Amino acid sequence: MDELQRASEIISLIQPLFWGLALWGFWSLKKIFVTIKDCAEKRASCAERWDGLDREQHKLERRDTALEARLDAYPPGEEIRGLRVEMARMGGDIKTLGAELRGQGQAVERIETNVKMLMEHHLK
């Protein structure tokens with residue numbers, strides 16, 4: 001009986017400690033879990049953010065589509081290279097024509113000089 005009484009005394013000493021630890025554990029767990037109010041607030045803020053991100057994504061998709069349409073309107077690189085070659089060739093042709101025109105101008109001046117001399121001779 002003595003041992004049973006002693007076990008009862010030990011249990012009566014340990015029991016408040018056990019309940020204290022249990023209460024502390026439940027209190028700690030309460031802090032870990034999210035309350036319904038906090039969850040609703042967080043969900044609302046996340047929904048607003050997602051809506052903003054969706055709007056931004058749609059805006060970027062429209063810009064991307066517009067850029068693709070513009071790029072599709074440009075000729076391919078091979079055509080641009082061909083145009084550059086043709087423009088260079090035309091530039092050379094224009095320079096040649098300019099030189100020919102200067103030569104023609106000098107020939108016209110020589111003819112004008114001769115005509116002037118003939119007119120002065122016939123007018124005297």
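All of these numbers come straight from a predicted model, not from anything done at the bench.
- Between the side chain of Ser28 and the main chain of Trp24, a donor-acceptor pair closer than 3.5 Å is present.
- The CE atom of Met87 lies 7.5 Å from the CE atom of Met90; values are rounded to the nearest 0.5 Å.
- A 4.5 Å side-chain heavy-atom check between Leu83 and Glu86 finds every atom pair outside the cut-off.
- Note that CG of Leu60 is 9.0 Å distant from CZ of Arg62, once rounded to the nearest 0.5 Å.
- A distance of 5.0 Å separates CG in Leu21 from CG in Leu17, rounded to the nearest 0.5 Å.
- Annotation: salt bridge (Lys or Arg N to Asp or Glu O under 4.0 Å) contacts involving residues 44-59, sequence neighbours excluded, comprise Glu56-Lys59.
- Within a 6.0 Å radius of CD1 in Ile36, other residues, nucleotides and ligands contribute 12 heavy atoms or fewer.
- To the nearest 0.5 Å, the span separating CG on Asn114 from CE on Met119 amounts to 13.0 Å.
- Here Arg102 contributes atom CZ and Gln106 contributes atom CD; the two are 8.5 Å apart, rounded to the nearest 0.5 Å.
- Residue Glu61 qualifies as enclosed at atom CD: its count of foreign heavy atoms under 6.0 Å is above 12.
- Other members of the hydrophobic cluster containing Trp50, listed by chain and number, are Leu53; membership follows side-chain contacts under 4.5 Å among ILVMFWY residues, whether direct or relayed.
- Residues passing the side chain to side chain donor-acceptor pair (under 3.5 Å) test with Glu120, sequence neighbours excluded: none.
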